[in-house]
Amino acid sequence: MKKLIIGSGAITALLLFFGTGLRPLWPLLWFAPAPILAIAPRLKPALAFGLATVAWFIGELNLLKYLVGIDVPWLLILASFLIPAIAFALGVLLVRRFLLRGSLFCAALALPLWWVTYEYATESVSPHSTYGNLGYTQMNFLPVIQIGAVTGIWGISFVVFLFAATVAILLSGIGQNRQRRVLAVAVGIVLSAVFLFGAARVRSTPAGQSVSIALIAKDVPMSVYLGSEQQALDLFHEYADEIRRAAPAGSDVIVLPEKIGRVSESSLPEIDALFSSVARDVRAAIDLGLVRRTASAAFNSSRFYSAYGKFEANYDKHHLLRPVEPETAGDQRTLLDQPSGHWGLQICKDMDFPQLSRNYAADGVNLLLVPAWDFDLDRWLHARMAVLRGVENGFALARAGRNGLLTLSDNRGRILAERATVPGQFVSISGKIDIVHDQTFYTKAGNWFAWICVAGFFLLLIFAFSTTDHRFLIIKRI
């Protein structure tokens, strides 16, 4: 039995380690919880809780190098690993309790309902919002992420954990054969419906107006960003020259990265004049990221210049990464009326917050332009977090991330073009996106599914600890 316990914990930790993190292998997460869930009814509560906590904690260590590399304090690193591990262990205990009662359907629902409740509660108050949500692990599995257009991100982890819990129940040997068959068929129907819906949605992309987009970025040392204003102005001129040289003819818009440089209020007219001139010369709109410093505050801004050489709009980033970003947060959305529809502006971390993208989608936006700045190692994950906002809300995305990825994606989450940035030289991609106003159910209804999971979890919790049902199975436990 000891070998079985150690083996179950090791398999869960291993599957979690490679099934989550910065470049997850998405199928592995579907099975990661199953070994511990299957063995939990044969263990005493304390042992089941400890095994689940340790296995989940070890599986999360795939992020250790990344978190240390971006100078996250060790206490926060420990908390970021320990809290989800304890949450998983509590879910294991709830599943275990229902299995011992012979309530297979409740056991299958317990973990997904609890996990969505936990993620929704923590991410509603977290300054990093949905960063760390397990739904992002499935971004390479296009059919399943389409459920986000109905449920938001919450439906993705629900489906994954429903499958894992069902597999565990079938492996546990608990329950009558008829119960087990009915459970397998019922969950199979649910999962099949999700996959069929997703496959149909991927195939049924509405036709829209084609927009030609170019993304350009150059990774430079932090010393340049923190350097003199003259260094910043020189870099802006380099970008202007690169646009003239590399922007494909016929481009409708060119998106540049976040915070290319910091400029004072007195130098801002020079920047505006420079990029207005470039936009007019190449006959393409330009979206530029910079920090503008006024006498009283600084703002992380995205500035938009029309193809006619006119400065049209400024957007200030809403969600800043503290304490790295000392700027003042903005609170206004920026919409641009274009021949192809409504375009919107966001910046990098803004895309981690589903509500802001929902608001843009409700405004009718069908394309978001997103300057960004990533941390190298997280380039895939952070880009895909933004892509999921487009799936949830039915808009296309053009994201230019320095120290990251240049990414073009449609409103189904397909990556149409992508390229990694490199130090010391300009990198660019271009492509065409058919954009269309495709408002989703999630845009209209919001986090309805998360609230249903919260309500369902508390109903299950009441049932689990009710005193009216004593039909516990007798299983030899250690």
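Index from 1, following the sequence.
No side-chain heavy atom of Asp352 sits less than 4.5 Å from a side-chain heavy atom of His128. Side-chain contact between Met139 and Leu388: present, with at least one pair of heavy atoms (C-beta onward) separated by less than 4.5 Å. Inter-residue side-chain proximity for Leu90 and Tyr118 is flagged as unmet; no heavy-atom pair is nearer than 4.5 Å. Using a 4.5 Å cut-off on side-chain heavy atoms (C-beta onward), Pro24 and Trp26 make no contact. Looking at Ile286 and Phe304, their side chains never come closer than 4.5 Å, going by heavy atoms from C-beta outward. Side chains of Gln355 and Ser129 form no contact here, defined as non-hydrogen atoms less than 4.5 Å apart. Looking at Leu408 and Ile415, their side chains never come closer than 4.5 Å, going by heavy atoms from C-beta outward. Val95 has its side chain out of reach of Trp114: every pair of non-hydrogen atoms, C-beta onward, lies at least 4.5 Å apart.
No option in Arg402, Arg384, Arg399 other than Arg399 meets the salt bridge (charged side-chain N to carboxylate O under 4.0 Å, His left out) test with Asp374.
Of all heavy-atom pairs between Ala313 and Leu336, the closest is CB-CD2, 3.7 Å. Considering all non-hydrogen atoms of both residues, Tyr239 and Ile216 come closest at CE2-O, 3.9 Å. Across all non-hydrogen atoms, the minimal contact from Ser340 to Ile435 is OG-CD1, 3.4 Å. What you find for Leu405 and Arg379 is that their closest heavy atoms are CD1-O, 3.7 Å. Minimum interatomic distance between Pro143 and Ala199 (heavy atoms only, all atoms of both residues): CB-N, 4.0 Å. Counting all heavy atoms, side chain and backbone alike, Leu368 lies closest to Ser357 at CD1-OG, 4.3 Å.
Judged by distance alone, with hydrogens and angles left aside, the side-chain atoms of Asp410 form a donor-acceptor pair with the main-chain N or O of Gly413 at under 3.5 Å. Panel note: side chain Ser251, backbone Ala247; no donor-acceptor pair is recorded below 3.5 Å. Proximity of a side-chain donor or acceptor of Thr130 to a complementary backbone N or O of Asn133 within less than 3.5 Å is not detected. Thr166 places a side-chain N or O within 3.5 Å of a backbone atom of Leu162 that can act as its donor or acceptor partner. Thr334 places no side-chain N or O within donor-acceptor distance of the main-chain N or O of Leu345, the cut-off being under 3.5 Å. A distance-only check finds a donor-acceptor pair linking the side chain of Ser80 to the backbone of Ile77 [under 3.5 Å]. For the pair Ser267 (side chain) and Val263 (backbone), a donor-acceptor distance under 3.5 Å is absent. Between the Thr440 side chain and the Thr443 main chain, a donor and an acceptor come within less than 3.5 Å of each other. Judged purely by atom type and a 3.5 angstrom limit, Asn366 has no side-chain atom pairing as donor or acceptor with the backbone of Phe395. No donor-acceptor pair closer than 3.5 Å links the side chain of Arg358 to the backbone N or O of Ala361.
Note that Arg333 lies outside the cation-pi zone of Tyr315, set by a 6.0 Å cut-off to the ring centre and a 45° limit from the axis. Judged by the 6.0 Å distance and 45° axis criteria, Arg303 is positioned over the aromatic ring of Phe311.
Ring centroids of Trp373 and Tyr225 are separated by less than 6.0 Å, placing the two rings close together.
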Chi angles and distances behind the ring-ring contact (aromatic ring centres under 6.0 Å, His included) call for Phe195, Phe141: CA-CA 10 Å; Phe195 297 152; Phe141 190 10; 5.8 Å; yes
Residue pair Val365, Asn393: steps toward the side-chain contact (heavy atoms from CB on, under 4.5 Å) verdict: CA-CA 9 Å; Val365 161; Asn393 298 288; over 6 Å; no
Candidate pair Asp316 and Ile347, rule side-chain contact (heavy atoms from CB on, under 4.5 Å), full reasoning: CA-CA 8 Å; Asp316 295 326; Ile347 300 175; over 6 Å; no
Residue pair Asp337, His342: steps toward the side chain to side chain donor-acceptor pair (under 3.5 Å) verdict: CA-CA 5 Å; Asp337 291 329; His342 300 299; 2.5 Å; yes
Derivation and outcome, side-chain contact (heavy atoms from CB on, under 4.5 Å), residues Val454 and Leu113: CA-CA 7 Å; Val454 171; Leu113 288 175; over 6 Å; no
Test log, rule side chain to side chain donor-acceptor pair (under 3.5 Å), inputs Glu229 and Ser264: CA-CA 8 Å; Glu229 184 157 279; Ser264 63; 3.0 Å; yes
Side chain to side chain donor-acceptor pair (under 3.5 Å) between Glu119 and Ser157, intermediate numbers included: CA-CA 9 Å; Glu119 286 190 325; Ser157 51; 3.1 Å; yes
CA sep, side-chain torsions, deciding dist, call: Asp272, Tyr305, side chain to side chain donor-acceptor pair (under 3.5 Å): CA-CA 8 Å; Asp272 288 339; Tyr305 308 87; 2.6 Å; yes
Audit row: Ile153, Arg389, side-chain contact (heavy atoms from CB on, under 4.5 Å) steps and yes/no: CA-CA 9 Å; Ile153 192 173; Arg389 299 288 88 81; 4.3 Å; yes
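More than 12 heavy atoms of other residues, nucleotides or ligands sit less than 6.0 Å from atom CZ of Arg244.
Electrostatic pairing of Arg412 and Asp438 counts as a salt bridge here, judged by a charged N lying under 4.0 Å from a carboxylate O. Between Lys218 and Glu238, at least one side-chain N (NZ, or NE/NH1/NH2) sits under 4.0 Å from a carboxylate O, which counts as a salt bridge. Between Lys259 and Glu327, at least one side-chain N (NZ, or NE/NH1/NH2) sits under 4.0 Å from a carboxylate O, which counts as a salt bridge. Ionic pairing of Lys317 and Asp350 is not present here: no N-O contact between side-chain nitrogen and carboxylate oxygen is shorter than 4.0 angstrom.
Using a 30° and 60° split on the angle between ring planes, Trp115 and Phe88 fall in the perpendicular class, above 60°.
Here CG of Asn411 is found 12.5 Å from CD of Gln439. Values are rounded to the nearest 0.5 Å. Separating the OG atom in Ser124 from the CG atom in Asn447 is a distance of 7.0 Å, to the nearest 0.5 Å. In this structure, CD1 on Ile147 lies 10.0 Å from CZ on Arg201, to the nearest 0.5 angstrom. A distance of 9.5 Å separates CG in Asp71 from CZ in Phe375, rounded to the nearest 0.5 Å. Atom OG of Ser430 sits about 10.0 Å away from atom CD1 of Ile213, to the nearest 0.5 Å. One distance of note links OG1 of Thr12 with CG of Leu37; it measures 7.5 Å at 0.5 Å rounding.
Pairs of residues two or more places apart, or lying in two chains, that qualify as ring-ring contact (aromatic ring centres under 6.0 Å, His included) and include a residue from residues 432-455 are Tyr120-Trp451, Phe158-Phe449, Phe441-Trp448.
Side-chain atoms of Thr421 and Asn403 form no donor-acceptor pair, as typed in the model, at a separation below 3.5 Å.
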